[in-house]
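Before any comments, here is the structure.
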Amino acid sequence: MTTTLGSTGLILNEPFLWERDKKGRCGISLPRRDVPSVAPDSELAGDGPDFPDLSELDVIRHFTRLSQWNFGVDTGFYPLGSCTMKYNPKTNERQAALPGFGGSHPLLPVELSQGALKMIYDLERHLAEVTGLDCISLQPAAGAHGELAGMLIFHAYHKDKGKQRSKILIPDTAHGTNPASAALCGFKSIPVKSNDQGVLSPESVEALMDEDTAGIMVTNPNTLGLFEGNIKKVAEIVHAKGGLVYCDGANMNAIMGIVNLKKIGVDVMHLNLHKTFSTPHGGGGPGSGPVCVTKELEQFLPVPRVVKKDEEYVFEDDCPKSIGKLHTFYGNFSVLIKAYSYVLSMGADLKKASQYAVLNANYIKEKLKSVFHLPYDQPCMHECVFSDKNQAEYKVTTLDMAKRLMDYGFHPPTIYFPLVVHGAIMIEPTETESKETIDQFIEIMKEIAIEARENPEILHAAPVKPKCGRMDETGAARNPCLTG
Ligand SMILES: *Cc1c(COP(=O)(O)O)cnc(C)c1O
């Protein structure tokens with residue numbers, strides 16, 4: 001019998017605090033007043049708001065229990081593909097909270113902000129080293145915002161060359177935000193089919209690339225978790241026709257310190273600091289999606305830039321070809337500090353982090369491929385993609401298996417994405433999980449595959465242990481019931 005992490009024994013009902021109201025109960029006890037009152041009680045406070053009367057313990061238990069209803073990386077394994085839900089060392093949060101950073105104000109004059117500006121300047125230099133690209137702006141607030149910055153730079157570049165272009169090539173394995181960002185800049189997306197190995201072939205790019213095409217947007221590693229091995233050849237084809245190459249670098253966790261993006265032909269890319277560089281991802285932000293470019297494209301970066309003049313750090317606004325300002329002040333500063341702290345504390349070990357992330361994903365792929373259908377059976381990067389094809393004969397779907405994982409105490413992986421795999425199950429373990437945790441996950445996935453064969457009804461009803469059972473997903477999102 002497999003030992004499971006899941007249990008239901010101590011999940012209690014949680015009424016509203018108003019429903020726990022007991023007249024006269026109080027959270028504090030103050031000593032009796034020993035000075036005369038200066039005004040009659042009736043003039044002092046009035047009735048006040050209609051708050052419930054509660055003891056301190058009522059309140060503490062209520063909020064502590066609510067905090068435990070939320071699943072997070074701090075509570076368990078979170079193998080959500082395309083998200084890099086790794087554990088972020090708490091020291092990086094601490095550095096971001098240092099009074100000199102936490103208390104600084106963006107409107108302070110530069111003479112009083114030298115430390116903050118140096119941090120921004122140095123982080124740009126470090127990220128330039130990690131990516132191989134020359135110049136960076138830390139302004140964009142998210143991955144998709146970085147893509148928008150990149151597409152605006154494509155647009156500005158072609159305008160500067162004297163002829164605007166109308167199209168952009170986007171492989172079917174690109175992230176969904178890519179065509180959206182291109183459309184926001186007025187480009188028409190031209191889909192490129194990936195080949196049997198799940199990557200771009202130079203021939204398909206050659207067939208579509210022309211002089212009305214601004215360039216290509218490649219997610220690399222792509223959303224199948226595969227490295228675009230033909231990227232150099234693809235870049236040559238695009239460059240030969242005067243186009244630019246964009247790399248969606250949200251999957252940088254697989255290739256830090258291993259791939260030099262400039263050397264493989266990338267002109268513009270973004271990073272997701274809130275995936276790869278120590279800010280937790282999910283929950284609505286704040287995030288950061290730095291945009292990185294070659295020296296040739298530096299003139300188009302957002303303003304202001306932080307530059308070093310003599311020994312002083314200053315803002316540079318005088319950039320006539322800049323795409324303009326993308327965020328108030330200089331982006332989400334606290335996220336930048338965490339990335340800075342992470343990069344400095346890891347140093348050359350960033351490479352090791354990527355190697356472990358890739359090793360862990362390949363380990364899961366090899367251990368589970370006898371049980372789950374593996375559409376692309378080849379070495380993967382930091383995530384692997386299965387499908388529910390083997391379970392179809394028992395009428396068990398990806399959704400059923402994902403729901404069942406909750407009964408065993410694991411957050412489900414990403415499902416039904418990427419779209420190129422029917423019934424996709426996309427697993428990203430990250431480098432921060434131990435072999436024991438990963439082995440336990442593998443064992444549970446195998447157990448679920450046995451259940452699918454022997455007892456599919458259990459999977460159709462899953463999850464049975466969490467507080468809420470199988471929900472109507474659309475209804476739950478549109479008409480959320482927030483009363484617990
Ligand atoms: C997460 C992700 C994005 C979008 O990043 P956001 O910060 O959510 O806007 C873009 N591309 C890829 C490949 C991603 O994984």
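Below, each value reflects all heavy atoms present in this structure, side chains not excepted, and no hydrogens, waters or symmetry copies. Counting convention: from 1, in listed order, for ligands and their atoms alike.
Nearest-heavy-atom check against atom 15 (O) of ligand 1 across His270, Glu428, Glu383, Lys275 picks out Lys275.
A distance of 8.5 Å separates CG of Asn360 from CD of Glu433, quoted to the nearest 0.5 Å. Rounded to the nearest 0.5 Å, atoms OH (Tyr330) and CG (Leu117) are 9.5 Å apart.
Numbered from 1 in the order shown, with element, the atoms of ligand 1 that lie under 4.0 Å from a heavy atom of Glu147 read 10 (C), 11 (N). Numbered from 1 in the order shown, with element, the atoms of ligand 1 that lie under 4.0 Å from a heavy atom of Gly143 read 5 (O), 6 (P), 7 (O), 9 (O). Under a 4.0 Å criterion applied to the non-hydrogen atoms of Ala142, ligand 1 contributes the atoms 7 (O), 9 (O). The ligand atoms of ligand 1 that sit less than 4.0 angstrom from a heavy atom of Ala250 are 2 (C), 11 (N), 12 (C), 13 (C), 14 (C), 15 (O).
Between Asp248 and ligand 1, an N or O atom pair is found at a separation short of 3.5 Å. Ligand 1 has an N or O atom lying under 3.5 Å from an N or O atom of His274, backbone or side chain. At under 3.5 Å, not a single nitrogen or oxygen of His145, backbone or side chain, sits near a nitrogen or oxygen of ligand 1. On a distance-only criterion, Ala144 and ligand 1 share at least one N/O pair closer than 3.5 Å. For the pair Thr219 and ligand 1, the shortest N or O to N or O distance does not fall below 3.5 Å.
Tested against Phe71, the residues Phe77, Tyr78, Phe410 include a single ring-ring contact (aromatic ring centres under 6.0 Å, His included) partner, Tyr78.
Taking the side chain as every heavy atom from C-beta outward, Pro413 and Met426 never approach each other to under 4.5 Å.
Residues satisfying the side chain to side chain contact (heavy atoms under 4.5 Å, CB included) criterion with Lys159, sequence neighbours excluded, are Gln164.
Under 4.0 Å from ligand 1, the heavy atoms of Asn272 that appear belong solely to its side chain.
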Subject >> salt bridge (Lys or Arg N to Asp or Glu O under 4.0 Å) evaluation trace for Glu211 with Arg165 >> reply: CA-CA 7 Å; Glu211 291 185 357; Arg165 299 186 174 201; 5.4 Å; no

**OP:** Begin with the C-alpha distance, continue with both residues' side-chain angles, and end with the deciding distance and a verdict on salt bridge (Lys or Arg N to Asp or Glu O under 4.0 Å) for Asp212 and Lys188.
**Re:** CA-CA 11 Å; Asp212 188 33; Lys188 182 171 185 296; over 6 Å; no

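His155 and Phe187 have their aromatic ring centers within a separation under 6.0 angstrom.
In this structure, Ser82 has a heavy atom closer than 4.0 Å to ligand 1.
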